[in-house]
Peer 1: 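Take this structure first; my questions come after.
Indexing begins at 1, ligand by ligand and atom by atom, following the structure's order. This structure is a prediction, so every number in the text was calculated from the model and none was measured. Side chains are part of it too, since the values below use all heavy atoms of this structure and drop only hydrogens, waters and symmetry mates.
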Amino acid sequence: MKKSRVKRNKQKSFLFPLTALFTLAISIVFVLIVAGGTETIYELGQLNFIPDEKTVCIDPGHGGTSSGAVLDNRYEKDDTLALSLLVRDILTDRGYTVVMTRDDDSDVSLADRCKIANKARASLFVSIHRNSSSSPSATGVEMWVHSSNPTDDTLLAQNILDCFDTLDIMKNRGIYSGYRDGEDMNYYINRNTKMPSVLAEIGFISSKEDNKKYDENIDDYAKAIADGIEMTLKEMNGE
Ligand SMILES: [Zn+2]
């Protein structure tokens, strides 16, 4: 009788920390989901994600039926693909594994773009776009990061801008956080990729001046993006 009571007590004292731990874990998940709202995927994703330090993902904006911004017969989706392929080639030559979300004129959903990068365990994600404005005088390069201004994402954006500054071809419009059309929103790719990410607007397709520069300097633009990516990887890995 006495013996069995002791045994029961032992079981209880063993079960209590387990129950407490389980309750704590459930509470943390609950708080993250409720408090985090739409940011949950981003926040949780960082916890158990182990990136491959030699792998990066390049995302040519739009594609297929999604033309992106257009000026006359010029489509954003073609510009972004041409530049992205050049960035891929430079980084591949330097020994990196470059995962493309598309390498031809095909439709790829935003969700699939993020899945491709996450599955490949890319260390960095750069989404390449062209900007557009109703004002033809709007020109220059700008970067968009998540509204929480994550350190490595901002570092990546800054490094790419610094490399463009070295070229001295395009106006530097700086780093923006969040989403153009809403203060509390974020670009889908900045919200759903598990690695540091940047949406890069490489000049305005609505500007004839920017388009001319784009065509004449596309190799230099590709090198600036590749250099910015490589600098960031080295800094992140403490090299
Ligand atoms: Zn775009």
Peer 1: Under a 3.5 Å threshold, yes or no: a donor from one side chain and an acceptor from the other, between E76 and H62?
Peer 2: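 Side-chain D/A pair, E76 to H62: present.
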Peer 1: Would you call D165 and K171 a salt bridge, taking side-chain N to carboxylate O under 4.0 Å as the test?
Peer 2: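 Salt bridge between D165 and K171, a charged N being under 4.0 Å from a carboxylate O: no.
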Peer 1: With distance as the sole criterion, is a donor-acceptor pair present between the side chains of T139 and D210 under 3.5 Å?
Peer 2: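 Result is no, nothing qualifies.
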Peer 1: Quick one about T80 and R102 (side-chain donor to acceptor, distance below 3.5 Å, no hydrogens or angles considered), yes or no?
Peer 2: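 R102 vs T80: donor-acceptor pair found between side chains.
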Peer 1: Quick one about S133 and S135 (side-chain donor to acceptor, distance below 3.5 Å, no hydrogens or angles considered), yes or no?
Peer 2: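 Result is no, nothing qualifies.
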Peer 1: Short of 2.8 Å from the Zn ion (ligand 1), name each protein N/O/S atom, waters not counted.
Peer 2: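 Checking every protein N, O and S atom gives H62 NE2, E76 OE2, H129 ND1.
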Peer 1: So which pairs with a foot in residues 124-152 pass salt bridge (Lys or Arg N to Asp or Glu O under 4.0 Å), sequence neighbours left out?
Peer 2: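 For residues 124-152, and leaving out neighbouring residues, the salt bridge (Lys or Arg N to Asp or Glu O under 4.0 Å) pairs sorted by first residue read D79-R130, E142-R173, E142-R180.
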